[in-house]
Every structure is written in C-alpha cells, then in structure tokens.
Amino acid sequence: MSAIFIVDIQHSKSMKQKIEGLLLHAFGALKTSGLIDQTLEPQIVVERTRDASHGDFTTNVALTLAKAAKTNPKLLAEKIIAALPQDNIVTNVELAGPGFINFFVDRNSQYDIIKRIHNEGQRFGLSTIGAGKKVQVEFVSANPTGPLHVGHGRGAAYGSAVADLLNAVGFKVHREYYVNDAGRQMDILATSIWLRYLEICGEVLPFPSNAYRGDYIRDIAVDIHNSASNEYRRPAELVLESTPPDEPEGGDKEIYIDALIARTKTLLGTSLYRDFFQMGITTILDDIRDDLKEFGVNYQQWFSERQLMEDNSVDTAIARLRAGGHLYEQDGATWFASSKLGDEKDRVVKRENGQYTYFASDIAYHMNKLDRGFDHIVNIWGADHHGYIPRIKAAITALGADESKLKVLLVQFATLYRGEEKIQMSTRSGDFVTLRQLRNEVGKDAARFFYVMRRSEQHMDFDLKLATSKSNENPVFYVQYAFARVCSVFRQLDGKGWERNLPLGMNSLNLLTEEHEIALISILARYPEMLERAALQYEPHQLIQYLRELATAFHTYYNAHQFLVDEAQIRDARLNLIGATKQVLSNGLGLLNITTPESM
RNA sequence: GCGCUUGUAGCUCAACCGGAUAGAGCACCAGCCUUCUAAGCUGGGGGUCGCAGGUUCGAGUCCUGCCAAGCGCGCCA
C-alpha cells in the first residue's frame with residue numbers, strides 16, 4: 001500500500017513540458033494538413049499565468065508567430081487550439097486577449113506535487129540541468145590586509161548563494177578564494193604591524209599617514225610581541241634614518257611609505273622580514289577564514305598569488321602571450337596589446353623596474369583556471385572593478401581560450417547607514433564596520449537573507465539600525481516563522497490525541513478545494529522551475545522572493561482555515577499540504593544556509 | 001570628456017526570452033486574538049515606471065538622445 005502515493009513518471013514530468021508537447025503536436029498536425037507553412041519554426045514558450053482567471057498556463061506563440069504565418073494572432077490561435085490533441089490533464093483551453101492561449105489544468109493532477117514533494121524530500125527542486133559541468137566560482141578574494149567588512153559580506157553571501165544554486169541544479173562547483181598575498185599592499189601591511197610592534201617595544205616614532213591604522217594591526221603587533229618579545233625591535237632613529245617627509249610634513253605619502261618599507265626590509269633582513277610578514281598575513285587570513293566559515297561560506301580552495309609567482313606560472317603565462325605575438329616593449333616596460341582584443345587601451349604586464357604588475361599574475365591565475373579544465377569560470381567582483389573585465393577577457397582570448405567561458409558578476413557595494421546617518425568607510429583608516437560585527441549584531445541568518453534579498457548589481461542601502469532590529473521588519477523572521485508554525489501544528493497533533501495518517505491524507509488530497517489551498521499548491525509546484533531560473537541567471541534573490549511568497553501564502557492559509565479539524569480525511573490532507581510547505585521552506589532556506597528554527 | 005552600472009509608490013525593493021489591470025515589505029489609516037504561536041491575517045489610500053523620441057499586435061523591459069546618481073578610466077592592487 002505504500003505505493004499509493006508514488007508518483008508515476010508521466011506526472012513527475014512538469015506540466016509545462018507536457019503542454020509544450022501538446023503544442024508541438026498541434027503544430028505538427030497543422031503543418032501536415034497544410035494549414036500553416038512547413039518552414040515555420042515556432043518558438044514555443046509556456047509560462048505560468050500571473051492571474052488565476054487566465055488559467056494555469058499560457059502561451060503567446062500565436063502572437064509571436066502571426067507575422068511569419070501571414071495571419072492575425074487570433075485566427076492562428078484558433079487553428080492551434082483546434083489542432084491540440086485531447087489530454088486528460090488539460091480540462092479547458094481558451095483564446096484570450098490579443099491571442100494568448102490559456103490552459104486550465106485538471107485539479108486532481110495538480111495534487112500530485114504534494115506526493116512528489118513528500119517522496120523527494122530534501123531532493124525536491126534539485127535538477128540535473130547543469131549536467132555535471134565543472135564551474136569554478138571565485139568570490140570575496142579580499143586582500144588579506146584586514147578583517148572583512150560589510151562590503152565583502154555582500155560578495156560572500158551572494159557568491160556562496162550563486163555557488164550553492166549552481167550546485168543544486170547539477171553543476172559541479174568549485175568555490176575558490178584568490179589570496180592576494182604578494183605585492184605592495186602586503187608590504188605596507190607588514191610595515192604597519194612592525195611600526196606598531198616597535199611602539200609596544202617602547203620606541204617612539206610617528207605613524208605613517210598611508211599605513212594601515214586599524215585596531216587589528218595593533219592587536220597583531222601585541223601578539224607578536226608577546227611571543228617574540230624584542231626580537232624584531234630596532235631603534236627608532238635607525239628606522240627613520242634618511243627617510244623623506246610624510247604627507248603632513250609636505251611630502252608624498254606614497255614615497256614615504258615605500259621608503260619605510262625599504263627601511264623595514266633592510267633593518268630586519270630578508271629572513272626576519274619574511275617571518276614577520278608571514279605572521280601578519282597568517283593572522284589576518286585565519287581571521288578571514290573563521291569569519292567566512294561562521295558566515296556559512298566554505299571554499300574548496302584558497303589560491304595563493306605568491307604561489308603563482310614562485311612556481312613561475314606568471315613567467316609561463318607571459319611567455320604564452322609573447323609566443324602568440326600579443327606583447328611588445330615600450331618605454332622599458334612590457335605591454336600586452338589588449339586593445340586589439342576589445343580593451344580600451346594596452347596594459348603593462350612588466351614594469352620598467354622588472355616587476356610584474358598585478359594584472360600579470362591575474363593573467364597567470366586565469367590561465368591556471370583554464371588549464372584546470374573548468375567548463376565555466378565565474379568571477380564575482382566588486383562593481384568598482386568593472387573596468388577590469390575587458391582586459392581579463394582579452395587575456396583569455398590571447399591565451400587561446402573562449403572568453404565566453406568567463407562570466408563576471410558584479411556586486412555593488414552596500415552604502416551603510418545607521419538610521420539617517422551615512423557611515424563613511426575606509427580600509428586604510430580602519431574606520432569600517434566589519435562583517436563580524438554585523439553578524440554579531442544581526443546574526444548569520446538575517447545578514448545572509450538581507451544581503452541576497454536584492455539583485456547584486458542593485459545599489460543597496462544597508463541600514464544597520466533596521467537590520468539589527470529584531471523586529472518583524474526583518475523579513476527573514478517572516479519566512480522562518482512560517483516554518484516554525486508548521487512545526488507547531490504537528491506538535492499540537494499529539495496534544496489533541498490524534499495521529500497523523502499519511503496515506504489517508506494522500507488519498508484525500510481532492511478535499512483540498514479551498515482557494516487558499518489551491519494557491520499554496522500552485523506556489524509549491526513552481527519551486528523547481530524557479531530554482532533552475534535563479535541558478536542559471538545567477539540570481540539568488542529570486543529564491544528569496546519565492547520564499548517570501550510561499551510564506552505569505554502559508555500565513556494567509558493558516559489564518560483562514562483550521563488544519564487540526566475533527567474530520568480525519570481533511571485533517572490529514574491539510575497536514576500533508578503544510579508538510580509539503582515545510583519541506584520546501586526547509587529546502588529553500590537550507591540552500592541559502594539559513595537556519596529553520598522549529599519554534600520561535 | 002569616455003566607459004560600465006543604476007533610476008519603478010513617501011522609504012527599501014520585485015516584475016520570469018517583450019505580454020493581459022506594474023507587485024511586495026516598511027510607513028500611514030481602519031479592522032481581526034476564550035479556536036493550530038498576532039514575529040500573523042483582512043481591507044484602504046498611495047505610481048507621468050528619470051525625461052523625450054523610436055521599433056511592434058503589445059515596451060518598466062529592446063534601440064537612440066538627453067537628465068541624475070554611483071563607480072572606473074595608473075608602469076596601484
């Protein structure tokens with residue numbers, strides 16, 4: 001008897017596909033009977049209706065095809081309708097408006113979705129459309145010069161949601177963080193920490209205007225001093241020996257900090273400098289790792305830029321460009337002729353001083369990605385890097401690959417407010433709200449939900465006051481509350497001395513005839529197609545929108561009807577419906593790494 | 001100046017490959033708790049979809065021009 005609510009293959013195929021099949025059949029018939037031209041290639045698009053009075057599904061194929069068929073849309077629609085084969089699932093077909101064909105689906109077949117959700121459980125909604133293709137998703141990749149701030153948080157939430165969505169629809173996803181552990185920023189970091197360290201040792205010296213001045217710098221210096229005591233101490237007068245003036249003294253802050261970096265390297269020597277440098281970066285990177293992990297963001301790989309430099313990948317990449325004739329020398333530097341490949345101007349890859357530019361290692365990094373055989377490469381960048389896209393695409397082309405393999409998704413920075421007050425942020429000055437602070441204030445769930453709620457390219461105002469308020473203004477509670485309410489109903493069942501009879505409920509689904517029930521069922525049925533679209537369009541906010549809609553339909557239903565009624569058949573049918581709702585809420589929130597508390 | 005992104009209700013945002021009467025939340029107004037959690041529900045007001053043209057059966061969505069905001073235009077990363 002357990003087979004009662006096993007869904008047969010026919011039914012698990014989506015209604016949408018079935019209707020597309022019927023339409024294809026109709027076109028075939030029209031062509032053979034000569035009623036429409038053989039050469040017409042109809043693009044059949046079946047959509048769910050937005051208005052129940054338009055039936056369940058609709059197609060505009062008569063409208064789009066009318067011109068090519070040299071007829072008017074209504075006439076064509078009539079022909080199509082007449083040619084549609086009989087089907088026991090479609091109860092009615094109507095011609096509507098300027099030429100829409102609306103399909104009304106038999107209610108009994110719509111109930112099957114409840115059985116399907118029950119059978120598939122956590123797997124409901126997953127698909128195989130990705131066909132196991134390998135996708136690399138690189139995101140956050142913030143320089144390890146300080147803790148992640150709320151701007152990075154959006155990239156983290158969005159990036160992991162995109163990765164998880166792609167995974168859910170059948171792609172093999174590789175999540176990666178590119179660690180910029182080489183270059184001048186890192187030297188500034190090491191020098192900043194060292195200067196704080198010297199202060200702790202008792203040396204008196206001015207702090208450079210261009211150094212990192214956040215509290216975390218001092219914290220790291222304290223840690224180092226605790227473990228290494230005065231090992232790295234050097235007298236202040238030696239540090240400042242023959243250094244140019246800093247900006248406040250009328251000098252150039254860039255030149256000044258570079259001079260201090262040079263002094264640091266000289267005074268510590270290669271080996272000690274390297275140790276010191278490494279302690280700084282390790283501390284910060286560990287912090288970032290913990291932070292992201294606690295935020296529910298996990299990576300398969302942390303990819304080191306320094307590694308690329310050290311294993312000659314950069315040399316190899318540049319050599320490959322040279323072999324392809326994409327490089328030339330000018331003014332003592334080596335240039336990549338990216339303007340021939342869609343960039344606005346050529347770019348330097350190796351400076352006059354013999355050092356590679358950041359761009360050079362990025363070329364090497366992308367060569368590495370290509371060589372690893374990913375079918376798709378997804379980079380998630382802050383929107384301020386948009387000007388960088390053409391040169392990276394040019395590099396990929398020059399390396400002999402198809403640049404369409406690379407998809408760059410931009411995330412706008414969130415503008416932070418505390419109520420009316422706009423919060424200015426600067427990494428250098430250390431004056432920013434960290435992701436950790438945000439998480440501590442609002443919690444992981446609200447932070448993730450809030451970040452992903454809006455389209456990524458949309459500028460977003462993040463009001464801390466609102467996000468930190470644990471009130472009903474926070475939409476995550478609304479969705480979680482729907483889940484908790486279902487749990488509560490099931491808990492009440494015992495208290496009333498009833499037992500849930502699952503098969504009885506499944507056999508009684510046709511008793512679910514209330515408007516609210518039909519509406520809820522229809523939303524549940526949309527979950528798989530919504531998930532697929534959200535994934536393929538890299539738009540996790542669609543999932544959030546959906547969950548809010550589902551929660552609304554449930555809350556409305558909850559207020560309109562009692563579930564735990566005396567009549568067992570209705571009761572069990574309703575329990576199966578809200579059980580399915582619970583499952584979909586859980587699947588959706590789970591995908592977003594948001595918890596599902598059983599009571600609130 | 002050039003390029004990219006954005007512009008939708010008082011505020012924050014949706015709108016599926018161009019579809020039928022542009023939708024939510026917040027705020028505002030009026031209601032609903034002896035009944036499964038009121039972090040909920042019901043009803044109401046609120047819109048020149050930045051502006052002006054164009055494309056077509058049909059445009060918030062596509063094209064052109066303008067306006068405004070953000071960002072980018074380094075031998076920085």
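Values below: every heavy atom of this structure, side chains too, minus hydrogens, waters and symmetry copies. First the proteins, then the strands, lettered A, B, ... as listed; each starts at 1.
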Need one value for [X]: base, sugar-phosphate or nothing, where a base atom within 4.0 Å counts as base even if backbone is also close, heavy atoms only.
X: A:Pro98; value: base
X: A:Ala482; value: nothing
X: A:Thr49; value: nothing
X: A:Asp494; value: nothing
X: A:Thr334; value: nothing
X: A:Ala96; value: base
X: A:His541; value: sugar-phosphate
X: A:Gln542; value: nothing

Distance between [atom1] atoms of [N] and [M] (Å, rounded):
N: B:G18; M: B:G70; atom1: P; result: 31 Å
N: B:G54; M: B:G40; atom1: C1'; result: 49 Å
N: B:C49; M: B:A15; atom1: C1'; result: 11 Å
N: B:G25; M: B:C62; atom1: C1'; result: 30 Å
N: B:U6; M: B:C13; atom1: P; result: 14 Å
N: B:G3; M: B:G58; atom1: P; result: 32 Å
N: B:C4; M: B:G43; atom1: C1'; result: 45 Å
N: B:U8; M: B:C51; atom1: P; result: 10 Å

Could you tell me the separation between the [atom1] atom of [X] and the [atom2] atom of [N], rounded to a whole number of Å?
X: A:Arg154; N: B:U5; atom1: CZ; atom2: C1'; answer: 12 Å
X: A:Arg533; N: B:C17; atom1: CZ; atom2: P; answer: 7 Å
X: A:Tyr478; N: B:G40; atom1: OH; atom2: P; answer: 7 Å
X: A:Glu514; N: B:C41; atom1: CD; atom2: P; answer: 18 Å

Relative to the ring of [Y], is the ring of [X] parallel (under 30°), tilted (30 to 60°) or perpendicular (over 60°)?
X: A:Tyr558; Y: A:Phe563; value: perpendicular
X: A:His366; Y: A:Trp381; value: perpendicular
X: A:Tyr358; Y: A:Tyr388; value: tilted

Check your understanding: Is there aromatic stacking of A:Phe100 against B:A20, centre distance under 5.5 Å, plane angle under 30°?
Key -> yes
Check your understanding: Base, backbone or nothing for each nucleotide of nucleotides 71-77 of chain B, written B, S, -, heavy atoms under 4.0 angstrom, 5' to 3'?
Key -> BSSSBSB
Check your understanding: Quick one: what's the B/S/- string for nucleotides 28-36 of chain B, heavy-atom cutoff under 4.0 Å, read 5' to 3'?
Key -> -------BB
Practice item. Please determine, by modelled atom types, if A:Tyr478 and A:Thr552 share a side-chain donor-acceptor pair under 3.5 angstrom. Key: yes
Among [options], the nucleotide that comes nearest once only the side chain of [X] is considered:
X: A:Asn60; options: B:G19, B:A20, B:U5; result: B:G19
X: A:Thr552; options: B:A14, B:C41, B:C57; result: B:C41
X: A:Gln458; options: B:C17, B:C13, B:U5; result: B:C13
X: A:Gln545; options: B:A14, B:C57, B:A39; result: B:A14

Practice item. Measure centre to centre between the rings of A:Phe554 and A:Phe483, then say whether the value is under 6.0 Å. Key: no
Practice item. Tell me whether the centres of the aromatic rings in A:Tyr527 and A:Tyr546 are closer together than 6.0 Å. Key: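 Ring-ring flag for A:Tyr527/A:Tyr546: true, centres closer than 6.0 Å.
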Point to revise | Heavy-atom closest pair, residues A:Lys74 and A:Pro98 | key: CG-O, 3.7 Å
**Study point:** For the student: nearest non-hydrogen atoms of A:Ser508 and A:Ala573, plus distance
**Key:**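 Scanning both residues, the minimum pair turns out to be O-CB, 3.5 Å.
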Check your understanding: Heavy-atom count around A:Glu329 CD within 6.0 Å, excluding the residue itself: above 12?
Key ->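 Atom CD in A:Glu329 is packed in, count exceeds 12.
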**Study point:** Atom CD of A:Glu515: over 12 foreign heavy atoms under 6.0 Å
**Key:** no
Exercise for review: Would you mind calling B:C71 syn or anti? Take O4'-C1'-N9-C4 for purines or O4'-C1'-N1-C2 for pyrimidines, and syn is within 90° of 0.
Suggested key: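 This nucleotide is in anti.
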Check your understanding: Should B:C28 be called syn or anti, with syn set as within 90° of 0?
Key -> anti
Check your understanding: What would the secondary structure line of RNA chain B be in dot-bracket form, counting Watson-Crick and G-U wobble pairs under 3.5 Å, with [ ] for pairs that cross earlier ones and | for pairs with another strand?
Key -> (((((((..((((.....[...)))).(((((.......))))).....(((((..]....))))))))))))....
Review point. A:Arg154 side chain to A:Gln412 main-chain N or O, any donor-acceptor pair under 3.5 Å?
Key: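 Yes, A:Arg154 side chain to A:Gln412 backbone: donor-acceptor pair under 3.5 Å.
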Point to revise | Under 3.5 Å donor-acceptor, A:Tyr538 side chain and A:Gly159 backbone | key: no
Practice item. Give the intermediate values and the outcome of side chain to side chain donor-acceptor pair (under 3.5 Å) for residues A:Tyr212 and A:Gln185. Key: CA-CA 10 Å; A:Tyr212 293 107; A:Gln185 297 302 321; 2.7 Å; yes
Point to revise | Matching residue for A:Arg526 among A:Glu532, A:Glu549, A:Glu47 - test: salt bridge (charged side-chain N to carboxylate O under 4.0 Å, His left out) | key: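 Result: among A:Glu532, A:Glu549, A:Glu47, A:Glu549 is the only option passing the salt bridge (charged side-chain N to carboxylate O under 4.0 Å, His left out) with A:Arg526.
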